[in-house]
Amino acid sequence: MSLPRRVEEACLNAWPAPRAVLVDGWQLRLAGGDSRRVNSVNVVADGTRPLADKLEIAEAFYARHGQPAIVRMTPFAPPGLAGLLDARGYGPPEDETLVLWRPAGPLPAANGVALSPHADEDWLAAHAIASGRPGAAQDGHLAAYRALAIPAVFARISAGDGAPLAVGFAALHDGILCLNNIATAPDARRRGHGAAITRALVGWGESQCAEGAALQVMGSNAPAIALYAGLGFKTELFRYHHRRR
């Protein structure tokens, strides 16, 4: 299996949907909340059924659950799918995202980062504040954390009074560490907290003998891309976007 395919598999397992239906190589993921990665069609294997048939099944599936049909478009999507989405009235690409890779290798230790194997209530509350996604927006995230079935670690940096400054988590599958949901509180940005979280997560992966680490960042987020490049995430494996009906 190619490295991009392995990273795609690892990151799907690192951000799982609590409910999923497999339709001829398409995984229809369902979690609720507003996370598109766990509420969309993901192509995981080649199939044999006509694309139009599978898309109709997917649209009926999401309609039955009261959610819009969203398709995650990666380089692994079959030829003709984009044109079919055009014909069926799907909107333009949303938030092009880069999947970046860093081969194994130590980073400077990160001080003041607390690590936990679980997303406890304190970590969830910290993520809600740091990411600016309180309330119902967290539902899909909580469902994904509870569905995790591979080794994972949750990182947090707190101020002296306990207020959250930055959070992030990572999960390991097939020797590949996938970093997710790194966020810094708005009034604590540009102080190195995001870099410290990243170093701590990568360090945990090194302790688990990971052969490398991957993360996903929106293509429009130039500061984050520069930050991650400085931490060794210099190889772009592929890009993806979502399309919504």
Side-chain angles (χ1 to χ4, degrees), residues 1-88 90-91 93-99 101 119 139-152 169-181 214-218 237-245:
M1 187 186 297
S2 68
L3 179 59
R5 282 277 193 180
R6 290 181 61 206
V7 167
E8 170 74 349
E9 178 178 283
C11 289
L12 285 174
N13 287 327
W15 192 235
R19 292 180 288 174
V21 172
L22 191 63
V23 179
D24 190 39
W26 287 15
Q27 188 183 70
L28 315 184
R29 312 180 93 207
L30 188 67
D34 66 353
S35 173
R36 288 169 297 188
R37 280 190 289 157
V38 287
N39 290 288
S40 59
V41 175
N42 286 260
V43 177
V44 297
D46 295 331
T48 59
R49 297 181 65 171
L51 295 181
D53 289 355
K54 292 194 286 189
L55 190 57
E56 288 181 1
I57 292 172
E59 290 170 352
F61 171 82
Y62 287 108
R64 188 165 59 252
H65 290 281
Q67 295 189 193
I70 301 174
V71 178
R72 180 168 170 264
M73 294 292 291
T74 72
F76 318 119
L81 181 55
L84 180 59
L85 298 182
D86 291 339
R88 293 187 69 85
Y90 281 72
E94 298 177 0
D95 296 333
E96 184 176 55
T97 300
L98 282 58
V99 179
W101 170 254
D139 291 349
H141 290 71
L142 179 58
Y145 300 140
R146 289 176 173 169
L148 271 168
I150 59 177
F169 90 96
L172 182 67
H173 171 74
D174 188 28
I176 292 174
L177 185 74
C178 186
L179 283 66
N180 281 288
N181 289 356
L215 56 77
Q216 302 169 65
V217 58
M218 283 196 292
L237 293 180
F238 60 91
R239 300 185 179 200
Y240 70 84
H241 60 263
H242 295 87
R243 294 190 63 184
R244 182 189 308 259
R245 192 182 190 198

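We number each residue from 1, following the sequence as shown. The shown structure was predicted, so the numbers you read here are calculated from the model rather than taken from an experiment.
- Note that the CD1 atom of I70 and the CD atom of E59 stand 12.0 Å from one another [nearest 0.5 Å].
- In plain terms, the two heavy atoms of A214 and V7 that are nearest each other are CB-CG1, 3.6 Å.
- When atom types are taken as modelled, the side chain of Y90 and the backbone of A82 share no donor-acceptor pair closer than 3.5 angstrom.
- Using a 4.5 Å heavy-atom cutoff, the side chains of R72 and R29 are not in contact.
- The shortest distance between side-chain heavy atoms of P78 and L51 falls below 4.5 Å.
- Between atom CZ of residue R36 and atom CZ of residue R244 there is a gap of 6.5 Å, rounded to the nearest 0.5 Å.
- Closest heavy-atom contact between E96 and R239: OE1-NH1, 3.0 Å.
- To the nearest 0.5 Å, the span separating CD on E8 from OG1 on T74 amounts to 5.5 Å.
- Closest heavy-atom contact between L85 and V71: CD2-CG2, 4.0 Å.
- Of all heavy-atom pairs between R243 and G91, the closest is NE-O, 2.8 Å.
- To the nearest 0.5 angstrom, D86 atom CG is 9.5 Å from L81 atom CG.
- Taken to the nearest 0.5 Å, the CZ atom of R6 stands 12.0 Å off from the SG atom of C11.
- Side-chain contact between R49 and I57 is present, with heavy atoms from C-beta onward closer than 4.5 Å.
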Report task. Evaluate side chain to side chain contact (heavy atoms under 4.5 Å, CB included) for L55 paired with W26, printing each intermediate quantity in order. Result -> CA-CA 9 Å; L55 190 57; W26 287 15; 4.2 Å; yes

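- Counting only heavy atoms from C-beta outward, the side chains of C178 and Q216 approach each other to under 4.5 Å.
- Side-chain atoms of L3 and F238, non-hydrogen and from C-beta on, never get closer than 4.5 Å to each other.
- Contact of the R37 side chain with the L12 side chain is not registered, since no non-hydrogen atoms from C-beta on lie closer than 4.5 Å.
- Counting heavy atoms from C-beta on, the side chains of L30 and N39 come closer than 4.5 Å.
- Nearest heavy-atom pair across F61 and V21 is CE1-CG2, 3.5 Å.
- Considering every non-hydrogen atom in both I150 and H173, the closest pair reads CD1-CB, 3.9 Å.
- Rounding to the nearest 0.5 Å gives a distance of 10.0 Å between CG of L237 and CG of L98.
- Between Y240 and H242, the angle of the ring planes goes over 60°, which puts this pair in the perpendicular group of the 30/60° scheme.
- Contact annotation: the side chain of P93 never approaches that of M73 to less than 4.5 Å [non-hydrogen atoms, C-beta and beyond].
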